Amino acid sequence: MSARNKAAGQADTTVDATDSPLRDLSAYLSDRPSRGRTTEAVTNALREAILDGVLPPSTWLREDEIAASLQVSRTPVREALRRLSDEGLAHKIAHHGTAVSPMSLEDILALYVVRENLEGLAARLAAKNTPAGLVPALQKVQAQMEELVDSGDPAALSRLNITFHRLIREAAGNQYLDRFLGQAEQAVRRLAPTTFAAPGRASTGCAEHAEIIRAIEAGDPDAAEEAGKRHMRNAREIRFSAMMSM
């Protein structure tokens with residue numbers, strides 16, 4: 001089956017409630033939420049479970065099961081599901097309930113097109129602003145990633161990569177850009193496996209990060225933007241090559 005057909009078919013399937021992954025939610029709410037923060041805690045728990053893949057696309061998010069698993073009332077669960085729908089991580093199905101939103105091939109293409117331009121803009125603004133401590137912070141993450149290049153730990157590289165890009169978007173100093181890139185980051189986390197699992201990507205990804213750091217350190221917005229965009233284009237090509245080979 002092609003990647004397109006797999007992605008399209010994903011939207012038409014649901015997880016059998018008799019083998020529901022909702023029972024594993026309690027691990028995401030280890031501490032009892034403080035008074036008045038239950039909705040936020042439930043939202044965070046569900047979000048992280050979706051991003052980690054514990055709640056796969058098209059899983060039914062049934063209020064009673066979630067409430068029982070997290071040992072909370074249905075009211076904060078209902079509000080949490082509304083918030084996740086607003087974020088695009090879940091969607092309501094008329095007369096059926098709420099399910100985890102699938103990601104089609106078209107969704108993934110749109111995600112990378114947007115992310116390429118937003119990451120480029122973030123790198124440009126970071127190079128213009130260059131807040132104190134940014135370059136050393138980026139270099140620290142870069143050094144940690146380079147240590148892992150030969151270890152074959154894609155998951156650790158992916159986590160450090162998220163930190164690297166988060167530092168840049170926060171340095172850009174634009175709350176809207178920060179918000180949009182945060183949403184893009186969430187969507188990328190749902191795509192498994194990470195592109196750092198591809199042969200040679202750890203090495204080339206680190207080299208691309210080094211280009212971004214050099215441009216930011218030099219205060220060169222044009223070079224930083226181009227390096228940021230090129231980094232995302234390369235990631236996109238690896239992602240789609242992997243999908244089309246399935």
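Positions are given from 1 along the sequence. If you're wondering where the values come from, they're calculated on a predicted model, not measured in any experiment.
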Practice task
Spell out, yes or no, whether Leu167 and Phe196 are grouped together once hydrophobic residues are joined by side-chain heavy atoms under 4.5 Å, including indirect joins.
Solution key: yes

Problem - same_hphob_cluster(Val42, Leu25) at 4.5 Å side-chain heavy-atom cutoff - result: yes

Practice task
Would you please name every residue forming a salt bridge (charged side-chain N to carboxylate O under 4.0 Å, His left out) with Glu217, sequence neighbours left out?
Solution key: none

Problem - Backbone N/O of Lys229 and side chain of His231: donor-acceptor pair under 3.5 Å - result: no

Exercise for the section: Would you mind reporting whether Arg124 and Asp222 have side-chain heavy atoms less than 4.5 Å apart? Expected result: yes

Fill in the blank from the handout: From the list Arg239, Arg236, Arg230, salt bridge (charged side-chain N to carboxylate O under 4.0 Å, His left out) with Glu116 holds only for Arg236

Practice task
Using modelled atom types only, decide if a donor and an acceptor are shared between the side chain of Asp86 and the backbone of Arg83 within a distance under 3.5 Å.
Solution key: no

Exercise for the section: Indicate if Leu51 and Leu181 have the same hydrophobic cluster label, given that clusters are the connected sets of ILVMFWY residues with side-chain heavy-atom separations under 4.5 angstrom. Expected result: no

Practice task
Verify whether one side chain among Ser85 and Arg82 offers a donor that lies under 3.5 Å from an acceptor in the other.
Solution key: no

Completion exercise
Those residues at least two apart in sequence (or on a different chain) that pass salt bridge (charged side-chain N to carboxylate O under 4.0 Å, His left out) with Arg115 are Glu119

Handout entry: Check: Thr194 side chain, Ala197 main-chain N or O, donor-acceptor pair, under 3.5 Å
Key = no

Problem - Spatial distance of atom CG (Leu138) from atom NE2 (His165) [nearest 0.5 Å] - result: 10.0 Å

Problem - Heavy-atom donor-acceptor pair, Ser158 side chain to Pro154 backbone, under 3.5 Å - result: no

Handout entry: Backbone N/O of Ala171 and side chain of Asn129: donor-acceptor pair under 3.5 Å
Key = yes

Handout entry: Leu55 backbone acceptor or donor facing Thr59 side chain under 3.5 Å
Key = no

Handout entry: ILVMFWY cluster, Leu121 and Val114 together (side-chain gap under 4.5 Å)
Key = yes

Practice task
Indicate yes or no for a side-chain donor-acceptor contact from Glu208 to the backbone of Ala227 under 3.5 Å, with no hydrogens or angles considered.
Solution key: no

Practice task
Measure from the side-chain N and O atoms of Ser69 to the backbone N and O of Glu65, and report whether any donor-acceptor pair falls under 3.5 Å.
Solution key: no

Completion exercise
CG (Leu134) and CD1 (Ile168) are apart, to the nearest 0.5 Å, by 7.0 Å

Practice task
Please round to the nearest 0.5 Å and tell me the distance separating atom CD of Glu79 and atom CD of Glu63.
Solution key: 11.0 Å

Practice task
Could I get the full list of salt bridge (charged side-chain N to carboxylate O under 4.0 Å, His left out) partners for Asp220, not counting sequence neighbours?
Solution key: none

Practice task
Provide the closest heavy-atom pair for His91 versus Pro102 in the form atom of the first, atom of the second, distance.
Solution key: CE1-CD, 3.8 Å

Exercise for the section: Evaluate the side-chain hydrogen bond (donor to acceptor under 3.5 Å, both in side chains) criterion for residues Thr163 and Arg166: first the C-alpha distance (whole Å), next the side-chain angles of each, then the deciding distance (0.1 Å), finally the verdict. Expected result: CA-CA 5 Å; Thr163 300; Arg166 190 175 296 161; 5.3 Å; no

Exercise for the section: Would you kindly say whether Asp52 and Tyr28 are connected by a side-chain donor-acceptor distance under 3.5 Å? Expected result: yes

Problem - Val72 with Ile50, same ILVMFWY side-chain cluster at under 4.5 Å - result: yes

